[in-house]
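What follows is one structure encoded as structure tokens, with my remarks underneath.
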Amino acid sequence: MCESRPLNSQSMVATLTSTPPSFLPLWRRKLPTYNPTQCLGTGKEALEISSNGYIKTNTIGFPEKGISTRPGTSSTPRPPRPRRIILVRHGESEGNVDETVYTRVPDPKIDLTEKGKAEAEECGWRIREMIEKDGANDWKVYFYVSPYKRTLETLRHLGLAFERSRISGMREEPRIREQDFGNFQDREKMRLDKALRLRYGRFFYRFPNGESAADVYDRITGFRETLKADIDIGRFQPPGEQSPNVNLIIVSHGLALRVFLMRWYKWTVQQFEGLNNMGNGNLIVMQKGYGGRYSLSMHHNEEELREFGLTDEMLIDQEWQKTARIGELNYDCPMVNSFFPHFEDEGCIT
């Protein structure tokens, strides 16, 4: 830890009088070095074992930039990955039932309805029931939440299902906020803009003074990198523990969550545009498979995933994700086979 330690007059004099004679060539002189701020601790102490038992460098402010040990280079194992990443859409908001709200209330300040609060609480109990079926006693949850009022309220009611000892932490994350549609919205103009979006394409159409889904993709990419770094350094692990039974819960918005899945699984623009929105207070679960990767097929059945909008190619990939190991590449990717029509002559499965 660094702290300010001013030099006293004696140490200052001692430093100055240690300067070699000025007649020496400049390249041979040892110039005095003194700094009113001195860092306590040695370089060796900067490399420390974190509370999770994971070696990292002491990079203040940017722990995701810490240098960690690779598998095989140390007897210290990597922290276990969270068992699930659970994506939750906020409960019903006032804007969901009355679009005129957007003309007088800023989008980030729109409340949940009473029904939305009940949906959020019910979602929390559904998550708890799902986790308890694992049969583990040391399970915990960690939350990421959009800073919009309706998502914060959703988390507050969802959290009623968990006592404090089960919550390892939470973080407000602006990068998973709702797509920006502009400031106060004109109802008729918004209807026209949404009609134009269907003609132009749901991913690339940018709302005037707002964002396109492609813009959301860019900031979700940054969030994903932070999330992966948090997973790698074991940020969610309680002090001194190495539990595989941590569950991450991301409370966000319909489009942002679809873009998150698109970015995580590298879905195409066409595949994204075929997805359906999640219902208010609903969830979709990315669960760790047998090889350590996350798959939607570990929790959801084919009917549920098709209802969400997954195609045959996407379903085949989710089955592969169930058994694939971290870092593996799907060399028999069905999307590659179907993209190039001349592969049909080679008998490739599409």
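As the structure is a computational prediction, the values presented were derived from the model and not from experiment.
Residues meeting the salt bridge (charged side-chain N to carboxylate O under 4.0 Å, His left out) test with R325, sequence neighbours left out: E328.
Counting only distance, with no hydrogens or angles, the side chain of S295 and the backbone of Q318 share a donor-acceptor pair below 3.5 Å. Looking at E273, its side chain does come within 3.5 Å of a backbone N or O of F203 through a donor-acceptor pair. Without hydrogens or angle criteria, R150 side chain to D107 main chain gives a donor-acceptor distance under 3.5 Å. Looking at E94, its side chain never comes within 3.5 Å of a backbone N or O of I110 through a donor-acceptor pair. Panel note: side chain R293, backbone A324; no donor-acceptor pair is recorded below 3.5 Å.
Heavy atoms only, all atoms of each residue included: M278 and L257 are closest at SD-CD1, 4.0 Å. The two residues S165 and K140 have their closest heavy-atom pair at O-CE, 3.2 Å. Taking each heavy atom of A256 and I176 in turn, the nearest pair found is CB-O, 4.0 Å. G124 and F162 make their closest contact through O-CZ, 3.8 Å (heavy atoms, listed as atom of the first residue, atom of the second, distance). Nearest heavy atoms, N245 versus D138: ND2-OD1, 2.6 Å. Minimum heavy-atom separation, D215 to G210: OD2-O, 4.5 Å.
Between R175 and D218 there is no salt bridge, since none of the side-chain N atoms of the basic residue sits less than 4.0 Å from a carboxylate O of the acidic one. Taking a cutoff of 4.0 Å between a charged side-chain nitrogen and a carboxylate oxygen, R219 and E173 do not qualify as a salt bridge. The pair R84-D134 counts as a salt bridge, with a side-chain nitrogen and a carboxylate oxygen less than 4.0 angstrom apart. Between R156 and E153 no salt bridge is recorded (no basic side-chain N to carboxylate O distance below 4.0 Å). Salt bridge K117/E114: present, at least one basic N to carboxylate O contact under 4.0 Å.
Distance check: T311 OG1 to D317 CG gives 9.5 Å after rounding to the nearest 0.5 Å. The distance from atom CH2 of W320 to atom CG of L329, rounded to the nearest 0.5 Å, is 6.5 Å. The CG atom of L296 lies 6.0 Å from the CG atom of L261; values are rounded to the nearest 0.5 Å. Atom-to-atom distance recorded for L155:CG and F143:CZ is 5.5 Å, nearest 0.5 angstrom. Once rounded to the nearest 0.5 Å, the distance linking CG of N247 with OG of S168 reads 9.5 Å. With values rounded to the nearest 0.5 angstrom, L310 atom CG is found 11.0 Å from E313 atom CD.
Using a 4.5 Å heavy-atom cutoff, the side chains of E307 and N276 are not in contact. Side-chain atoms of Q321 and Y294, non-hydrogen and from C-beta on, never get closer than 4.5 Å to each other. Counting heavy atoms from C-beta on, the side chains of L275 and M314 come closer than 4.5 Å. Contact check for M262 versus V269: side-chain heavy atoms found under the 4.5 Å cut-off. Looking at D230 and L248, their side chains never come closer than 4.5 Å, going by heavy atoms from C-beta outward.
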When you look at Y265 and M286, which way does the side chain to side chain contact (heavy atoms under 4.5 Å, CB included) test go after all the steps? CA-CA 11 Å; Y265 291 116; M286 304 163 59; 3.7 Å; yes
Intermediate values then yes/no, salt bridge (charged side-chain N to carboxylate O under 4.0 Å, His left out), R128 and E163: CA-CA 11 Å; R128 179 168 186 135; E163 55 270 28; 2.7 Å; yes
Check step by step if side chain to side chain donor-acceptor pair (under 3.5 Å) holds for R89 and N282. CA-CA 6 Å; R89 186 187 175 199; N282 264 333; over 6 Å; no
Return all side-chain donor-acceptor pairs below 3.5 angstrom for residues 190-197, not counting sequence neighbours, or 'none' if the list is empty.
{"unit_1": "D193", "atom_1": "OD1", "unit_2": "Y205", "atom_2": "OH", "d": "3.4"}
{"unit_1": "D193", "atom_1": "OD2", "unit_2": "K189", "atom_2": "NZ", "d": "3.3"}

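Atom CG of N301 is surrounded by more than 12 heavy atoms from other residues, nucleotides or ligands within 6.0 Å. By the neighbour-count criterion of 12 heavy atoms within 6.0 Å, atom NZ of K288 is densely surrounded, having more than that number from other residues, nucleotides or ligands. The neighbour count for Q270 CD, taken as heavy atoms of other residues, nucleotides or ligands under 6.0 Å away, does not exceed 12.
Taking hydrophobic clusters as Ile, Leu, Val, Met, Phe, Trp and Tyr residues chained together by side-chain heavy-atom distances below 4.5 Å, I86 does not share a cluster with F308. Under the 4.5 Å side-chain heavy-atom criterion for grouping Ile, Leu, Val, Met, Phe, Trp and Tyr, V251 is connected to I131 within one hydrophobic cluster. Hydrophobic clustering, with ILVMFWY side chains joined whenever heavy atoms are under 4.5 angstrom apart, keeps Y102 apart from Y148. Residues I231 and V285 do not share a hydrophobic cluster, defined by chaining ILVMFWY side chains whose heavy atoms lie under 4.5 Å apart. The cluster map of Ile, Leu, Val, Met, Phe, Trp and Tyr, joined by side-chain heavy atoms under 4.5 Å apart, puts L305 and M130 in different clusters.
Remark: aromatic rings of F223 and Y144 are close, center separation under 6.0 Å.
Every pair passing ring pair (Phe, Tyr, Trp, His ring centres under 6.0 Å) that includes a residue from residues 77-100 is listed here, sequence neighbours excluded: H90-H253.
Checking N280, T154, T113 one by one against E92, the side chain to side chain donor-acceptor pair (under 3.5 Å) holds for a single residue, T113.
Using a 30° and 60° split on the angle between ring planes, W264 and F260 fall in the tilted class, from 30° to 60°.
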